[in-house]
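Worksheet for the structure shown next.
Remember, predicted model here, so these are calculated numbers, not experimental data. In what follows, chains carry the letters A, B, and so on, assigned in the order in which the sequence lines appear, proteins first and then strands, with residues in each chain numbered from 1.
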There are 2 protein chains.
Amino acid sequence: MPENSCLLSSMSHTPDAAGTRQAQKLRTRQALLTASLELLEQQSLSSLGLREVARAAGISPAGFYRHFADIPALGVALVEETLGSLHGVIGAVLAETGDTERRIDRSVELIARHVAEQPAHFRFLARERYGGVAPVRQAIAAQLDRFAEELTSALAADEGSRGWSGEDLRMLGGMYVDLMVMTASEFLDAEGPAALAGAGHTARRRLRLLTVGSAHWLNES
Amino acid sequence: MPENSCLLSSMSHTPDAAGTRQAQKLRTRQALLTASLELLEQQSLSSLGLREVARAAGISPAGFYRHFADIPALGVALVEETLGSLHGVIGAVLAETGDTERRIDRSVELIARHVAEQPAHFRFLARERYGGVAPVRQAIAAQLDRFAEELTSALAADEGSRGWSGEDLRMLGGMYVDLMVMTASEFLDAEGPAALAGAGHTARRRLRLLTVGSAHWLNES
DNA sequence: TGAGTCAGTGAACAATCGTACGCTGAAATT
DNA sequence: AATTTCAGCGTACGATTGTTCACTGACTCA
């Protein structure tokens, strides 16, 4: 830990340039989220202290309560921030082209890019998916269910899944979602470009295996 | 929490019947493991307190150090206890019969039974697999890698995987392991016999999809 | 301009925490 | 029988925790 500095340094209460009231509040809220996400790279939410977060964000412990009632509440907000902006992206990738191989490549690239851009968010996600804080667990489950649902309806529109039952489609969508989360975790664990490429390689092959399986699903089931 | 009682009550220091020295030590060690596992049903390891565990096990905080140096060290021991006894079981199930459908049924039943018999162990496993305590995470990863390896060599001996590359076999083994962990988590989340049966149903179908995929893997890859 | 709102402060609180010390007494060893 | 070993205890330490309270002062709005 090089610096436990005040992340707000030059923006707190100084009557600087920008800052309507609520804009400033949002900025501190964001500072809390950012600071906690940084702290969460080395520990899990259930051991994260309220004071610890406030300190890292540069506000007093009591100030925390102006934004969140709890550490769990902050966790739920983090879930929102991590996954909220990703809805609709999957459908776009699937709709892009019909070529299966290219679709797989695009999907893996998409995950790799997002993970590389905001690793801490996905680390948090993987860590808390089955973590010790119930509200956060539920929030993540709800978001992932939404993803599975979106993926399911995107798959239903595809010609490759004609004749599939809704139940089977849901299962397939769920598997894709789980595969994505697992792939994201492996990208996170991968250190160095070689390991990263390897992770992408096996991720593609896993998706391909699923694709092959679903292509023959109706004939053998 | 109905009772925070002393789990050792009648066995600590009383010159009762049984108990060579090391046997008694093992017994308190086991009490520590059992107590912590119980506490871990509602929280994760990184927020588990040393004093909390000692209190639940009925010994003094200082006594904890006679058995473990850390809470992380206790976590590693829990990993050992959870997965150590399961090695070899997978190979036995796979070797039992050649019929794919029956094999899938046996596997899912195996998981369901183990999860039902010791739910807390598997809850702990799922929670800490990507949890905040590095040594525990590594211990789990090492154990699961061993499982994947065992599964891989079991698959290699199977006639269905003739012509597969070692790399592909490892991927498939890894997917089966991940699927097992996921299935275990779903069994844990399932409340009531209906949800439990449903989890088993989708677990079987997921395995079947993987089987269908691997049956056509060589032709389409 | 004047009154009201409210994000953030600082002090104080009772708890809990991890760790260290020396001690005890039963079991093990000689 | 004398000696050593060592699992567990009791106490104490400083540090940190979550939460509350009355406060301040810059913004907002009439």
Atom CZ of B:R27 to atom P of C:dA27: distance rounded to whole Å?
-> 12 Å

Figure out the CD1/P separation between A:I59 and C:dC6, and round it to whole Å.
-> 17 Å

Can you list the residues that meet the side chain to side chain contact (heavy atoms under 4.5 Å, CB included) rule with B:E80, with sequence neighbours excluded?
-> B:Q143

Excluding sequence neighbours, so at least two apart, what forms side chain to side chain donor-acceptor pair (under 3.5 Å) with A:E96?
-> A:R106

Starting at atom CD of A:Q24, determine the distance to atom P of D:dT28, rounded to an integer number of angstrom.
-> 11 Å

Which residues satisfy the ring-ring contact (aromatic ring centres under 6.0 Å, His included) test with B:F147, sequence neighbours excluded?
-> B:H87

Taking all heavy atoms of A:G88 and all of A:E150, pick out the closest pair and write down the distance.
-> N-OE1, 3.2 Å

Testing D:dC9, C:dA7, C:dA28 for proximity to the side chain of B:S60, the answer is D:dC9

Mind listing the N/O atom pairs, protein and nucleotides 13-17 of chain C, below 3.5 Å?
from   : atom 1 : to    : atom 2 : distance (Å)
C:dC17 : OP2    : B:R55 : NH2    : 2.7

Ignoring backbone atoms, test whether B:T28 places a side-chain nitrogen or oxygen under 4.0 Å from the OP1 or OP2 oxygen of D:dG8.
-> yes

Name each donor-acceptor pair under 3.5 Å that joins a side chain in residues 56-64 of chain B to protein atoms two or more places apart or in another chain, with its distance.
from  : atom 1 : to    : atom 2 : distance (Å)
B:S60 : OG     : B:G63 : N      : 3.3

Taking CD from A:Q30 and P from C:dG8, how many angstroms apart are they, rounded to a whole number?
-> 13 Å

For residues 108-132 of chain B, pull every pair meeting ring-ring contact (aromatic ring centres under 6.0 Å, His included), keeping only residues two or more places apart or in separate chains.
-> none

Mind checking side chain to side chain contact (heavy atoms under 4.5 Å, CB included) for A:P119 and listing every partner two or more places apart, or none if nothing turns up?
-> A:L188

Compile the donor-acceptor pairs under 3.5 Å between side chains in residues 169-181 of chain B and protein atoms, sequence neighbours left out, one pair per line.
from   : atom 1 : to     : atom 2 : distance (Å)
B:D178 : OD1    : B:R129 : NH1    : 3.4
B:D178 : OD1    : B:R129 : NH2    : 2.6

CZ of A:R21 versus P of D:dT24: gap in Å, rounded?
-> 17 Å

Those residues of residues 62-71 of chain B lying under 4.0 Å from DNA chain C by at least one heavy atom = B:A62, B:Y65

